[in-house]
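Notes follow once the structure below has been shown.
Index from 1, following the sequence.
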Amino acid sequence: MILKTSKTMLATAAVALLTMTVPASVHPHVFAEARLDVMLNPDQTVKSLRHLWRFDDLFSSTVLMEFDKNSNLKLDDSELAEVSKTVFESIGEYNYFQVVTLDGKDIAMKPPANLVANFEDQQLIILFETEPKEPLKLAGKIDFGVYDPTFYTAIDFTEDSNLNVAGLPSTCKQSVIRPDPDEAIAQNQSKLTDAFFNDPSGTDMSKIFATRLELNCQAKG
């Protein structure tokens, strides 16, 4: 889904989602290794989510060929800025692939102020940071997930340590949840088709399939 020059691929992915009884049948075409850092304020509220995605060689080479307008076999600053703009616009309608919930309820996130694209070791790297719209206290069960609801892009946290909270207080316990797709489908089969029609952004499906960092926190006092 990322960096499509037209709506054709997105439309194709949507049709596939609507016509297949099992969403997992739609295979990703783009792969990225990810890191998510949850940053905290001194008052133990969530300050921001810092995202880093490193894309696979094949997709990165495709981006290079498409955006290297002066054909010098590298992406100059102006070309990287165009990549950043394209990605920013492409994933904005999907909440930047973020799923944040507090006790099962969605938490609204501000759009990132900017999105930075780099090209290192022949791989495209995307970095951005988002903040909760309202103060998010460390109390109850908080989930931070990353998932492409169109199933076009696979965001992979290869190690549990790539989902991290710096300075997590002792009142919280953290764990990384990696849902088994078959089990998730079996448990939510009746909801999946309706979920797409009721929530075109795919939030419900993202909650089901996303690898996520889960915090269980006791309120102070």
Side-chain angles (χ1 to χ4, degrees), residues 1-20 22-37 49-69 73-75 79-99 111-112 114-130 144-159 162-163 178-179 181 184-185 192 196 199-213:
M1 196 279 296
I2 293 178
L3 290 174
K4 295 186 180 69
T5 55
S6 70
K7 297 296 184 181
T8 304
M9 289 184 175
L10 180 56
T12 301
V15 170
L17 279 172
L18 292 172
T19 56
M20 293 185 180
V22 180
S25 298
V26 183
H27 297 291
H29 294 74
V30 177
F31 300 87
E33 293 186 3
R35 179 176 178 87
L36 172 64
D37 287 290
L49 306 185
R50 292 181 180 175
H51 297 268
L52 185 153
W53 302 342
R54 181 184 293 272
F55 288 89
D56 65 275
D57 292 343
L58 178 59
F59 180 69
S60 297
S61 64
T62 301
V63 172
L64 176 61
M65 289 187 291
E66 183 169 338
F67 286 84
D68 179 20
K69 302 304 182 183
L73 300 180
K74 65 179 183 178
L75 293 179
E79 294 163 344
L80 285 170
E82 188 61 28
V83 174
S84 300
K85 179 176 180 292
T86 303
V87 175
F88 185 89
E89 294 175 350
S90 178
I91 66 176
E93 63 183 301
Y94 298 98
N95 196 33
Y96 304 93
F97 296 173
Q98 302 173 115
V99 183
N114 58 11
L115 185 149
V116 177
N118 287 326
F119 210 83
E120 299 178 0
D121 298 326
Q122 302 305 308
Q123 288 184 304
L124 173 67
I125 299 174
I126 296 295
L127 305 99
F128 64 97
E129 186 170 7
T130 60
F144 305 94
V146 180
Y147 199 79
D148 175 6
T150 71
F151 300 95
Y152 195 88
T153 306
I155 307 293
D156 185 22
F157 295 90
T158 57
E159 304 288 341
N162 288 341
L163 292 140
R178 298 179 181 272
I185 290 169
L192 290 174
F196 187 84
D199 185 6
S201 68
T203 302
D204 287 342
M205 288 186 288
S206 297
K207 291 177 186 176
I208 294 170
F209 292 104
T211 295
R212 62 188 189 273
L213 175 66

Task: Main-chain N/O of Phe67 paired with Glu82 side-chain donor or acceptor, under 3.5 Å - done: no
Open item on the list: Using side-chain heavy atoms (C-beta onward) and a distance below 4.5 Å, is Thr130 in contact with Pro112?
Closed with: yes
Task: Atom pair OH/CG of Tyr147 and Asn95 - distance to nearest 0.5 Å - done: 16.0 Å
- [ ] Drop me the distance from Phe119's CZ to Leu80's CG, to the nearest 0.5 angstrom.
- [x] 8.5 Å
Task: From Asp148 atom CG to His29 atom NE2, the distance as rounded to the nearest 0.5 Å - done: 11.5 Å
TODO: Ignoring hydrogens and angles, tell me if any N or O in the side chain of Thr153 forms a donor-acceptor pair with the backbone of Val30 under 3.5 Å.
DONE: no
Task: From CA spacing to verdict: side-chain contact (heavy atoms from CB on, under 4.5 Å), Val146, Thr211 - done: CA-CA 7 Å; Val146 180; Thr211 295; over 6 Å; no
Task: Side-chain touch His51/Gln98, heavy atoms, less than 4.5 angstrom - done: yes
Open item on the list: With heavy-atom distances below 4.5 Å as the criterion, would you say the side chains of Phe144 and Leu163 are in contact?
Closed with: no
Open item on the list: Please report the interatomic distance CG(Leu75) to CG(Asp68), rounded to the nearest 0.5 Å.
Closed with: 6.0 Å
Open item on the list: Which heavy atom of Ala117 sits nearest to which heavy atom of Ser84, and what is that distance?
Closed with: N-OG, 3.0 Å
Return all side-chain donor-acceptor pairs below 3.5 angstrom for residues 121-129, not counting sequence neighbours, or 'none' if the list is empty.
from   : atom 1 : to    : atom 2 : distance (Å)
Gln123 : OE1    : Arg54 : NH1    : 3.4
Gln123 : NE2    : Phe55 : O      : 3.2
Gln123 : NE2    : Asp57 : OD1    : 3.3
Glu129 : OE2    : Ser48 : OG     : 2.5
Glu129 : OE2    : Arg50 : NE     : 3.1

- [ ] Name all residues meeting the salt bridge (Lys or Arg N to Asp or Glu O under 4.0 Å) criterion together with Lys85; count only those two or more places apart in sequence or in a different chain, and write none if there are none.
- [x] Glu89
Open item on the list: As an exercise, state the distance from CZ of Arg35 to CZ of Phe157, rounded to the nearest 0.5 Å.
Closed with: 10.0 Å
Task: Worked check of side chain to side chain donor-acceptor pair (under 3.5 Å) between Asp156 and Thr158 - done: CA-CA 6 Å; Asp156 185 22; Thr158 57; 5.8 Å; no
